[in-house]
Number of protein chains: 2
Amino acid sequence: MKQQRNTRQRQLVLAAVRARCDHPSADQIYLDVRAIDERISRGTVYRNLNILVQQGEVLQVKLPHMDRFECQSDKHYHLLCQGCGAVCDVHLPYYAELDEQAAKKTGYTIERHRAVFEGLCPNCRNKKI
Amino acid sequence: MKQQRNTRQRQLVLAAVRARCDHPSADQIYLDVRAIDERISRGTVYRNLNILVQQGEVLQVKLPHMDRFECQSDKHYHLLCQGCGAVCDVHLPYYAELDEQAAKKTGYTIERHRAVFEGLCPNCRNKKI
DNA sequence: ATGGGTGCAAAGTGTTTGCAAGTAT
DNA sequence: ATACTTGCAAACACTTTGCACCCAT
């Protein structure tokens, strides 16, 4: 990986990801940073998010419609509310055995798995009934 | 759901999904169908894929960059080769307990979870070493 | 000083949609 | 006859990129 600088813009992007507890989209982060520095551009935010993901500072969660971001931590699962689109972490242990089993079944080298639970949050459940 | 017709185009799309054992993208399906009917349009293929997913005939697999499709079957997991982008099914049992545990932890109503394993297929592993 | 980074706007990529004409029921 | 579908092209949503200037090291 090539030598990288620590620009004010990159710091702002990382701070914005850390300041949020939900799982913001790239554009939400852009808007947050934009509230602090009104001259930063979308391109810069997207570029820096990609760099931070590559560096392992930020985790990218692939979801329908668009990706979301959060600060890097242990492997864990995500939960998507199909009513309102909210995303939250699921604090279950990471089932490393699944990786071994999948490796045995398929012959692939498995690095990890990602799981997304789908359901309804209490709020949306009540609305639907 | 409104009354739906069984057009030639819809049949072609469904047949194209069934004819493939890998997990084609919408555009791959478009190209396959296009090889048979050179007048079908992208919009029609995308529209029909969405309808077939809604009907439960076809399963949509959400992956980085773009979605992939396969014919509907039991809940199962997917494996993505990070080298060549190939996708395949993982024939492990579906861990329904995970859904219960996640429901207990979060208070959400959980319908299901989707898991994607990430790794390297034998071919790509050999190339990398 | 040097080469990575920025802002901007244009271009990409994958998907959806408005519309007039066509067709399954 | 009705109203769902089609082909087409334009529009969309999200992201990447070319370029000239800028600035962290």
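The chains referred to below are lettered A, B, ... by the order of the sequence lines, with proteins before strands, and numbering in each begins at 1. The model shown is predicted, which means the values in this text are computed figures rather than measured ones.
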Looking at residues at least two apart in the chain, or sitting in another chain, which of them share a salt bridge (charged side-chain N to carboxylate O under 4.0 Å, His left out) with [X]?
X      : answer
A:R20  : A:D22, A:D32
A:K104 : none
A:D37  : A:R8

For [X] and [N], what is the distance between atoms [atom1] and [atom2] respectively, to the nearest whole Å?
X     : N      : atom1 : atom2 : answer
A:L12 : C:dG5  : CG    : P     : 15 Å
B:N6  : D:dT6  : CG    : P     : 10 Å
A:Q55 : C:dG4  : CD    : P     : 14 Å
A:I29 : D:dC14 : CD1   : P     : 14 Å

Flag side-chain contact, heavy atom, 4.5 Å: [X] against [Y]:
X     : Y     : result
A:Y94 : A:D99 : yes
B:Q4  : B:Q55 : yes
A:Y46 : A:D27 : yes
A:R10 : A:E57 : no

query = What bend angle does the helix from C:dA1-D:dT25 to C:dT25-D:dA1 show across its length, from five-pair end axes and to the nearest 10 degrees?
reply = 40°
query = With sequence neighbours left out, what residues match A:H23 under ring pair (Phe, Tyr, Trp, His ring centres under 6.0 Å)?
reply = A:H78
message = Counting primed atoms plus P, OP1 and OP2 as sugar-phosphate and everything else as base, spell out the protein contacts along nucleotides 6-16 of chain C at 4.0 Å heavy-atom distance: B, S or - for each nucleotide, 5' to 3'.
response = BBB-----SSB
